[in-house]
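Letters A, B, ... are given to chains in the order of the sequence lines, protein chains preceding strands, and every chain is numbered from 1. Keep in mind that what you see is a predicted model, and the values were worked out from it rather than measured.
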Amino acid sequence: MFESIIVLAGLGLLSALGLGIASRAFHVDTDQRIQTIAGLLPGANCGACGFPGCNGLANAIVSGNGKIEACSAVSDENRKEIARLMGMEAAETVKRVAVIHCNFPAGGVGNKFEYLGVTDCRAANLVAGGPKQCVYACIGLGTCKSVCPFDAVTMGDSGLPVIDPEKCVACGKCVEACPKKIIDLVPVSRMVQVLCSSRDKGARVKKVCSVGCINCMLCERVCPFEAIHVIDNIARIDYEKCRVCGLCLRECPTGTIANLRGWEVVAEIGESCNGCTLCARACPVDTISGTAKERHIVDPERCIGCGICVDQCKRDAVTLVKKTAAVRKAAAAGE
Amino acid sequence: MASDTIKTYRFRGGVHPPEEKLTKSIPVRTMPMPDKVFIPLSQHLGAPAKPIVSPGDRVTVGTKIADAGGFVSAPVHSSISGVVKGIVDYPHPAGRNLPAVEIEGDGTDQRDGAVKPRSNPMDLDPGQIKEIIREAGLVGMGGATFPTHVKLSPPEGKPIDTLIINGAECEPYLTADHRLMLDAPDHIVTGAELMGKILGVRRIIIAVEKNKMDAVAALKKAVLGGDTAVVALAVKYPQGAEKQLIKALLDRSVPSGGLPMDVKVVVQNVGTANAVYEAVAENRPLVSRYCSVTGPGIKNPANLVLRIGTPVSKVIEYCGGLTQDVRKVILGGPMMGIAVWDFSVPVMKGTSGILALTEEYLDENREGPCLRCGNCVRVCPMGLTPLMFARHTQLGAFDRAEEFNVMDCIECGCCAYECPAHIPLVHLAKYAKAEIQARRRKAQG
Amino acid sequence: MRELILLIISAVLVNNFVLARFLGICPFLGVSKKTETAVGMGMAVIFVMTLSSLFTWLAYTYLLAPFHIEYLQTIVFILIIAAFVQLVEMFIQKASPALYQALGIYLPLITTNCAVLGVAVINIQTTHNFWESVLFGFGAAVGFALALVLFAGIRERLELSDIPRPLQGTAIALITAGILALAFMGFTGLVKM
């Protein structure tokens with residue numbers, strides 16, 4: 001009994017001594033935070049931050065060479081946690097998602113030849129710019145799907161890839177891989193999108209596609225915020241200026257513009273309204289009614305949430321609220 | 001004769017596809033002047049030419065309509081007489097609409113007044129000959145369409161000791177070069193000597209595959225002496241590929257990533273040699289070319305002299321049209337040619353053949369899994385392992401594909417021809433090369 | 001002398017720890033995805049196994065046996081092995097951070113690698129003397145490293161293959177390991193002791 005205690009304790013002490021000396025000899029300066037931060041990062045090693053993998057970014061953040069914001073895939077909580085670890089303020093980042101600016105199945109874009117080659121858009125693009133009649137159209141062989149490290153892209157039945165906005169973290173892999181360069185990263189709150197990338201003239205677009213942008217300029221004319229402009233034969237939206245009112249998509253004769261945002265906002269007029277009628281006069285869709293000098297009402301069913309009334313109101317009585325089931329119910333009850 | 005003393009060698013790999021030279025013994029006809037031509041501004045490797053005519057201008061055959069857009073570029077000339085309708089976006093064999101000069105013919109086929117034959121071509125000095133070649137818009141007529149004057153200007157420190165004139169025409173079906181060698185052997189020999197003069201080389205080898213012994217005989221007759229030799233080579237595809245030709249004739253290996261000039265050689269096609277003669281001696285720019293219109297899907301296969309810019313549909317019409325079961329029309333040969341995506345694409349300087357293939361001649365089998373049989377490795381004339389770079393390319397590992405030397409691939413098609421699993425190896429190689437080049441450009445900023 | 005050489009050959013090829021005795025399968029499957037990590041792991045195991053078989057033999061012969069406390073065998077052996085693993089871990093972290101990253105959890109797990117403990121126990125059971133113990137440990141470790149590197153090479157090639165979906169991943173790895181073990185059966189009879 002006694003011997004066993006002595007032997008075990010002795011061996012333990014001996015090893016401890018040896019390891020103690022060894023740990024001095026092989027001492028490595030490691031910042032514990034690197035491991036922790038690497039654990040908080042998504043671990044997909046997508047490389048979108050510009051550093052080699054998530055560990056690379058963790059290293060860079062700790063050494064001060066990298067910013068937390070470089071990672072677009074990290075969740076909000078984890079970002080805050082990393083910021084706390086580093087003792088800095090986490091900058092608010094705008095969540096963005098990838099959007100494919102083409103809607104070729106709906107446009108009936110046919111093939112100019114039968115493609116029998118390698119199943120990859122980049123390879124197909126080498127063969128006469130891909131088999132689609134429109135050279136700007138999505139080729140639909142799923143290169144974006146195969147490069148997506150987050151499984152956010154699926155191939156729709158119609159042949160057009162579909163991006164799941166929940167899974168998409170805007171890493172930009174698909175943007176880089178797409179040979180047609182028709183994918184870009186868009187703030188989720190600015191999801192009125194032109195689903196066409198054709199820089200062909202209107203007549204040519206019309207020949208091959210029924211939902212392509214034909215540069216009619218109607219959207220440019222109707223936009224109250226000068227947020228949409230036709231440049232190089234394609235309507236482009238300035239996300240800084242766009243307020244997602246959707247007026248352009250009502251006007252678009254080909255249905256090229258779509259609102260992909262998951263929610264709607266409506267204006268609400270509060271108690272402090274004095275019935276000056278400024279809002280009612282400014283409303284582009286005439287949804288505000290009421291007699292002068294009395295509180296006005298917005299018809300939430302018709303309101304497009306453009307926010308012009310908010311700008312007009314001098315008493316800050318108008319606010320934009322997310323259109324939820326409750327608001328709709330209230331509207332139905334005629335409140 | 002000098003030719004008998006030249007020893008030939010074997011290059012490794014290669015395949016023996018059926019020759020199918022349907023139009024071998026059909027004499028060349030000249031297709032009547034088309035009423036409209038679309039002459040692309042980009043008919044060569046390098047920068048597109050810059051148009052120098054405007055709508056409404058009258059042009060005659062040989063009028064320069066576009067100037068070279070850079071050093072590696074070539075001018076373009078009108079192939080018919082008529083009126084310029086405009087510079088339009090027109091279907092181009094590369095697969096997109098690209099700028100082309102549309103000329104409506106007036107039916108007179110009037111030649112440019114300035115075009116007068118030179119009586120003493122060999123007395124010109126090398127610089128003058130090169131300038132004439134450049135002005136005539138000459139490009140490699142074998143299909144690669146590299147501007148000829150650039151190829152004839154090796155940089156300082158790259159001495160050239162041999163000029164090879166390539167008459168191998170190893171692609172199945174094509175007979176345009178063969179007919180040209182029978183029709184104008186003396187022109188080819190003189191053209192070769194003119195190029196030899198520019199390069200300052202004495203040794204000129206005209207190489208022809210053994211299945212064209214009549215052409216060998218004709219060329220031998222035309223050779224007047226000097227160090228010019230005509231050599232008959234074994235029939236094996238790709239005998240006519242530059243690097244393989246150099247190996248077969250001189251037993252020299254072009255280094256990886258190198259050019260023939262690295263082993264003191266310049267290779268030019270027989271068509272180019274003929275065009276050089278026409279440009280220098282007859283003062284005629286490159287406005288037409290020999291072309292085989294052939295294949296099982298063409299009603300009346302023929303060898304034609306075609307104006308540059310003639311729409312392919314017109315040529316096919318002239319040859320009696322296509323049969324019902326045509327599945328693919330190819331510009332060039334079956335091994336390396338490019339499938340036509342729109343019949344209105346025009347004939348260009350590098351169009352050596354128009355080939356219509358029917359279903360039974362095409363391999364449209366679905367790609368299967370690689371069997372690791374090694375056939376592609378055995379036949380690769382560059383000594384590569386196509387299965388490896390193809391697989392890495394399929395998996396998106398382009399850096400690994402590069403390690404397997406995919407950049408040295410000459411896209412000859414031997415591997416894909418042999419592959420029992422129908423893997424599109426050449427397409428994968430082209431894809432990998434394009435991706436790797438894009439990455440290199442990006443890395444350079 | 002001849003005996004000792006035969007002992008090594010037997011430990012490396014005939015009675016390969018992974019492919020004949022089926023010990024240490026966990027790191028064998030875990031770190032065999034890339035040849036570089038397999039080589040690193042192999043080196044670490046060679047170091048740990050050789051030294052631990054040396055020290056376990058010493059501990060058994062001069063501590064446990066004289067005091068008749070052989071029942072402490074397992075715990076003492078583990079203690080010694082763990083100490084060496086810690087040493088290797090510190091060294092690798094210092095010498096090659098990349099390898100340290102790549103080996104990850106499998107590096108400290110050498111402690112519980114049954115192949116390492118197996119060598120120590122077999123040494124005692126077969127009453128090897130000191131040099132036999134050391135060389136047997138070394139041979140067994142080389143055998144482990146050999147199997148690991150061979151297998152990693154095969155798995156790198158497997159990455160390029162079209163594997164049916166149900167067999168992808170560990171399934172095909174185990175099948176391959178089985179075939180590799182079959183191949184190693186060919187060494188049976190190579191050594192007659």
Side-chain angles (χ1 to χ4, degrees), chain A residues 1-45 47 51-63 65 118-120 142 145-146 149 151 154-155, chain C residues 33-34 37 44 47-48 51-52 54-105 107-108 110-111 116-117 120 124 159 162:
Chain A
M1 181 62 202
F2 188 64
E3 296 96 327
S4 54
I5 293 174
I6 294 285
V7 166
L8 260 185
L11 274 175
L13 268 175
L14 213 65
S15 334
L17 199 71
L19 285 176
I21 295 166
S23 77
R24 281 277 165 84
F26 299 134
H27 180 70
V28 187
D29 265 321
T30 49
D31 198 323
Q32 283 305 311
R33 293 181 299 180
I34 294 179
Q35 283 303 313
T36 324
I37 292 176
L40 289 167
L41 290 171
N45 295 325
F51 295 97
C54 294
N55 269 316
L57 179 62
N59 264 318
I61 290 176
V62 172
S63 62
N65 295 326
V118 179
T119 316
D120 185 292
K145 176 177 184 275
S146 60
D151 282 334
T154 46
M155 294 308 291
Chain C
K33 285 222 177 81
K34 270 191 166 171
T37 50
F47 177 80
V48 171
L51 286 184
S52 66
L54 189 156
F55 280 95
T56 50
W57 188 86
L58 288 177
Y60 188 87
T61 318
Y62 296 110
L63 286 172
L64 303 184
F67 295 113
H68 302 290
I69 45 171
E70 287 92 342
Y71 63 90
L72 281 178
Q73 179 186 323
T74 313
I75 198 162
V76 168
F77 287 2
I78 290 287
L79 177 75
I80 293 169
I81 294 165
F84 280 111
V85 171
Q86 281 298 312
L87 190 68
V88 169
E89 199 179 335
M90 282 184 228
F91 176 73
I92 291 181
Q93 196 179 4
K94 174 90 179 174
S96 168
L99 182 63
Y100 184 74
Q101 278 292 344
L103 291 176
I105 188 68
L107 188 53
I110 301 177
T111 310
V116 186
L117 186 63
I124 305 307
E159 292 277 297
D162 301 295

Problem - Derivation of the side chain to side chain contact (heavy atoms under 4.5 Å, CB included) call for Val76(C) and Leu11(A) - result: CA-CA 8 Å; Val76(C) 168; Leu11(A) 274 175; 3.4 Å; yes
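Of all the listed residues (Ile80(C), Ile75(C), Leu63(C)), the one sharing the greatest number of non-hydrogen pairs under 4.5 Å with chain A is Leu63(C).
Checked against ring pair (Phe, Tyr, Trp, His ring centres under 6.0 Å), Phe67(C) has no partners two or more places apart in sequence or in another chain.
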Return one line per donor-acceptor pair between chain A and chain C under 3.5 Å, naming both atoms and the distance rounded to 0.1 Å.
unit_1: His27(A); atom_1: O; unit_2: Lys94(C); atom_2: NZ; d: 3.2

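Across every non-hydrogen atom of Leu87(C) and Leu19(A), the tightest pair is N-CD2, 3.7 Å.
In Phe26(A), the CZ atom is crowded: over 12 heavy atoms of neighbouring residues, nucleotides or ligands sit closer than 6.0 Å.
For Leu72(C), the part lying under 4.5 angstrom from a heavy atom of chain A is the side chain only.
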